[in-house]
Structure formats: structure tokens, C-alpha cells
Colleague: 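After the C-alpha cells below, expect a handful of questions from me.
For this chain, numbers begin at 1 and follow the sequence in order. Side chains are part of it too, since the values below use all heavy atoms of this structure and drop only hydrogens, waters and symmetry mates. Every number for a ligand or one of its atoms is a count from 1 in the order of the listing.
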Amino acid sequence: MAGQRVAVYPGSFDPITYGHIDIVDRSLALVDRLIVSVASNPNKKGIFNVPERIEMIHAALQDRKGIKIASFEGLLVHFCRERKADIIIRGLRALSDFEFEFQMAMMNKRMYPRAETVFMMTGSQYFYLSSSVIKEVVQFGGSVEGLVPPVVQERLEERFGRARFGVGTPPSPAPRRPPPAARRRR
Ligand code: PNS
């Protein structure tokens, strides 16, 4: 609709985390419509395929208003033009994100000057969170409870197996009794 502020929040979302959802919620306070869009990149294989990622995003964001969930192939700016979106939302975590994000924002601006990239600092409680870290923790038996929506946790555990360790450090193994020969006789 004319006069509406439409933004695209693009990403791999493999899978969506509470860090992403924090950015979604804060963006919704600034724009009229937000299109959360999963980039489909045939050269970058994730653990979830695009329909699975979309299904998890739907489940995680189901009560939000003003949201559309989509996917795109190819250039983000082509997708923005097609959807008449002039704002690109990206979350920024640490300094390490900056170089890639800066390069991408500049290139997108060059290709599609109408669109403005808006960076949002990730909420401090999610500063260390990334989809890659989440996948690694689950893969090696750690719990990601409280870091991803329950539906994502379920899907990850289906894929990698149930968590063997709770949040925090894994419990140390039970103390071993010395072998019988070394035991003192009373
Ligand atoms: O969640 P990610 O992996 O950091 O998201 C990166 C993404 C998908 C937003 C970015 O790689 C992208 O826009 N890809 C689509 C291709 C494109 O437009 N590249 C921009 C060249 S500067």
C-alpha cells in the first residue's frame, strides 16, 4: 500500500534463534510491514532446507501482526524491488560482523539506491548467539533451551539427537573407585 514502510529482514535462518526474533520484534516497532525472507543459496547447504526453515519461522512468529514470511533466490535487491521494500534490516552483533555487513550494505546501495540498510544492535542477552553456534552445541549433545523457540529445539533434536547436557557446563563424570588391588584392607 502507498505510504507504507515495508522492510525486508533477509537471512539464512538456519535455524531461526531468539536473537533473530528480538530483531523482528524491534523492527516491527519501526515499520508497517516486515518481510522475513530466507535466502535460498544453492552453494550454501544448511542443515535445514528452505521449506523447513520457513515452517519453523511460521511457528515461531505466528502471533505477530504485520509480518510476511518468504524466500528468495539470487540478489536481495531484486527481491526488495519486486516487493517494493525500501528498507533492509540486518542485526549486528560484534565487530566481526561489521566488515561483511558494511560491504554488503554498500553493494546493495550501489545496485538499488532506493533501499536503505538499517542495522540493529543485537540485544545484549543474544550477543554471542548465532545459528552456527546453536547447531554445534546441539550436535555435541548440549542444550539450547531458552536460546531458540521450542519448535526449533525439537527439530534440532530430531536431527541431531536429544541433549545430553543441560545449560552450563556438562556434569563431571562420577568419581571412579580405585581398582581392588589398590584398596586398603581394614
Ligand atoms: O543470515 P546470513 O547468512 O548472514 O544472511 C546473508 C544474506 C542471505 C542476507 C546475504 O548473503 C544475501 O543477501 N544473499 C543474497 C545474495 C545477495 O544479494 N548478495 C549481496 C551481494 S552484496
Colleague: Enter the distance from I35:CD1 to S71:OG here, rounded to the nearest 0.5 Å.
Modeller: 12.0 Å

Colleague: For ligand 1, is any non-hydrogen atom under 4.0 Å from Q103's backbone (N, CA, C, O), its side chain (CB onward), both, or neither?
Modeller: neither

Colleague: So, is E101 polar-close to ligand 1, with some N/O to N/O distance under 3.5 Å?
Modeller: no

Colleague: Closer than 4.0 angstrom: is that true for some heavy atom of G74 and an atom of ligand 1?
Modeller: yes

Colleague: Any heavy atom of R90 closer to ligand 1 than 4.0 angstrom?
Modeller: yes

Colleague: Considering only heavy atoms from C-beta outward, does the side chain of L156 approach that of F48 to under 4.5 Å?
Modeller: yes

Colleague: Which atoms of ligand 1 are found less than 4.0 Å from any heavy atom of L76?
Modeller: 13 (O), 17 (C), 18 (O)

Colleague: Would you say K44 touches ligand 1, if touching means a heavy atom closer than 4.0 Å?
Modeller: yes

Colleague: Report the nearest protein non-hydrogen atom to atom 1 (O) of ligand 1: residue, atom name, distance rounded to 0.1 Å.
Modeller: S12 N, 2.9 Å

Colleague: Heavy-atom contacts under 4.0 Å between A39 and ligand 1: side chain, backbone, both, or neither?
Modeller: side chain

Colleague: Who's the nearest protein heavy-atom neighbour of atom 20 (C) of ligand 1, and how far?
Modeller: N108 OD1, 3.9 Å

Colleague: Does a side-chain heavy-atom distance below 4.5 Å link L61 with I21?
Modeller: yes

Colleague: Look at the rings of Y126 and Y18 and say which category their plane angle falls in: under 30° parallel, 30 to 60° tilted, over 60° perpendicular.
Modeller: tilted

Colleague: Taking atom CD1 of I23 and atom CE of M120, what is their separation to the nearest 0.5 Å?
Modeller: 6.0 Å

Colleague: In the protein, which heavy atom is nearest to atom 19 (N) of ligand 1, and how far is it?
Modeller: L75 CD2, 4.1 Å

Colleague: Is the shortest heavy-atom distance from the side chain of Y112 to the side chain of C80 under 4.5 Å?
Modeller: yes

Colleague: At what distance, to the nearest 0.5 angstrom, does CE of M121 lie from CG of L92?
Modeller: 5.5 Å

Colleague: Below 4.0 angstrom from a heavy atom of M107, which ligand 1 atoms are there? Numbered from 1 as shown, please.
Modeller: 22 (S)

Colleague: Look at atom 10 (C) of ligand 1 and say which protein heavy atom is nearest, naming residue and atom and giving the distance to 0.1 Å.
Modeller: M104 SD, 3.6 Å

Colleague: Less than 4.0 Å from atom 4 (O) of ligand 1, is there any heavy atom belonging to the protein?
Modeller: yes

Colleague: Measure the spacing between OG of S131 and CG of L147 and express it to the nearest 0.5 Å.
Modeller: 11.5 Å

Colleague: Quick check: are there more than 12 heavy atoms from other residues, nucleotides or ligands sitting under 6.0 Å from CD of E158?
Modeller: yes

